[in-house]
Amino acid sequence: MRVTTVDLDHPDLETLRREAAGCTNCELYEPATQTVFGAGPESAWLILVGEQPGDREDIEGAPFVGPAGRVLDTALERAGIDRDEVYVTNAVKHFRFERQGSRRIHKTPGVTHIRACRPWLDGELASVRPQALATLGATAAKALFGPKFRITAERGNVLDWEGYQLVPTVHPSSILRGPAEKRAEAMDALVADLEVAARLRP
Ligand code: URA
């Protein structure tokens with residue numbers, strides 16, 4: 001495996017995006033349609049870090065544009081955060097999946113995939129230099145804090161991560177996966193966590 005090195009002293013999102021499009025740092029690039037790089041303004045005050053692109057994102061080439069993205073958009077709006085003011089990305093930038101007939105079923109990325117993709121996330125952070133971060137789901141949080149991180153214990157807290165203020169919260173798709181009668185409550189909790197992040201806006 002050849003892992004890209006990114007020039008963190010002179011980062012430039014467009015150069016990074018172009019380079020990431022040809023990423024072969026791990027095997028996930030082979031079956032995936034394309035690299036799904038982050039999206040949003042370089043001036044963003046907040047970076048949201050998800051897990052990896054899903055089926056829709058893999059096809060469209062943009063993060064959080066499928067069902068989880070719709071939940072995220074609603075939660076952001078309710079928390080008073082405009083999606084256009086934030087940079088949205090993922091810990092892993094290729095869709096990891098298993099084929100079941102004609103369907104592509106999401107498969108959680110492993111440590112090697114997260115590690116191989118890390119130069120791109122570091123480059124995005126160095127380019128955008130946000131005031132705050134929020135991780136969406138356990139995989140994204142563990143990608144930054146390590147495998148012992150417990151999302152249930154830490155969600156909604158403002159943590160220090162490498163000098164950034166970071167608010168971990170659940171993955172928007174967990175709202176869709178949970179029992180129907182608990183959805184409103186789960187959504188309220190996601191909104192409450194994002195409101196904590198919103199209060200970090202400069
Ligand atoms: N789930 C993620 O973690 N990221 C996306 O971009 C879409 C779904």
Side-chain angles (χ1 to χ4, degrees), residues 13 16-17 20-21 23 25-26 28-29 31-41 44 46-77 79 81-98 100 103-118 120-125 128 130 133-145 147 149 151-152 154-155 161 166-178 183 186-187 189-191 193-194 197:
L13 268 187
L16 286 173
R17 184 188 303 281
C23 182
N25 285 356
C26 75
L28 295 185
Y29 79 93
T33 307
Q34 57 192 314
T35 303
V36 179
F37 203 68
L46 175 66
I47 292 191
L48 298 174
V49 185
E51 179 194 89
Q52 64 166 0
D55 184 71
R56 204 60 242 158
E57 289 77 17
D58 170 76
I59 293 164
E60 292 192 27
F64 284 100
V65 290
R70 285 192 285 283
V71 174
L72 178 63
D73 287 346
T74 304
L76 284 172
E77 195 183 333
I81 299 173
D82 187 340
R83 181 150 169 177
D84 291 343
E85 63 178 307
V86 302
Y87 186 86
V88 182
T89 192
N90 284 299
V92 170
K93 289 170 174 54
H94 280 113
F95 179 32
R96 187 181 193 208
F97 60 91
E98 248 168 24
Q100 276 179 23
R103 297 182 64 213
R104 303 190 302 170
I105 309 297
H106 164 278
K107 205 171 166 204
T108 303
V111 175
T112 53
H113 307 121
I114 289 167
R115 242 182 240 145
C117 233
R118 185 56 187 268
W120 304 122
L121 182 61
D122 286 341
E124 290 172 302
L125 286 165
V128 176
L133 293 169
T135 49
L136 306 172
T139 304
K142 286 179 184 192
L144 302 189
F145 287 103
F149 189 85
I151 190 84
T152 40
E154 296 288 3
R155 67 174 298 183
W161 179 76
L166 185 154
V167 180
T169 188
V170 296
H171 196 283
S173 66
S174 67
I175 316 291
L176 300 171
R177 281 197 311 266
R183 265 183 213 156
M187 186 66 168
L190 171 60
V191 171
D193 293 348
L194 292 174

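Below, each value reflects all heavy atoms present in this structure, side chains not excepted, and no hydrogens, waters or symmetry copies. For ligands, and for the atoms within them, numbers begin at 1 and follow the listed sequence.
- With sequence neighbours excluded, the residues satisfying side chain to side chain donor-acceptor pair (under 3.5 Å) with Arg118 are Asp122.
- In this model, a donor atom of one side chain and an acceptor atom of the other lie less than 3.5 Å apart for His106 and Glu51.
- Residues satisfying the side chain to side chain donor-acceptor pair (under 3.5 Å) criterion with Glu57, sequence neighbours excluded, are absent altogether.
- Put simply, the side chain of Phe97 does not reach to within 4.5 Å of the side chain of Asp58, judged on heavy atoms.
- Applying the salt bridge (Lys or Arg N to Asp or Glu O under 4.0 Å) test to residues at least two apart or on different chains, the pairs with a partner in residues 62-77 are Asp73-Arg83.
- Using a 4.5 Å cut-off on side-chain heavy atoms (C-beta onward), Thr139 and Ile114 make contact.
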Give every pair formed by an N or O atom of ligand 1 and a protein N or O atom closer than 3.5 Å, one pair per line with both atom names and the distance to 0.1 Å, or write none.
| from | atom 1 | to | atom 2 | distance (Å) |
| --- | --- | --- | --- | --- |
| ligand 1 | 1 (N) | Gln52 | O | 3.3 |
| ligand 1 | 1 (N) | His171 | NE2 | 3.1 |
| ligand 1 | 3 (O) | Glu51 | N | 2.8 |
| ligand 1 | 3 (O) | Gln52 | N | 3.4 |
| ligand 1 | 3 (O) | Gln52 | O | 3.3 |
| ligand 1 | 3 (O) | Asn90 | OD1 | 3.3 |
| ligand 1 | 3 (O) | His171 | NE2 | 2.7 |
| ligand 1 | 4 (N) | Gln52 | O | 2.9 |
| ligand 1 | 4 (N) | Asn90 | OD1 | 2.7 |
| ligand 1 | 4 (N) | Asn90 | ND2 | 3.4 |
| ligand 1 | 6 (O) | Phe64 | N | 2.9 |
| ligand 1 | 6 (O) | Asn90 | ND2 | 3.0 |

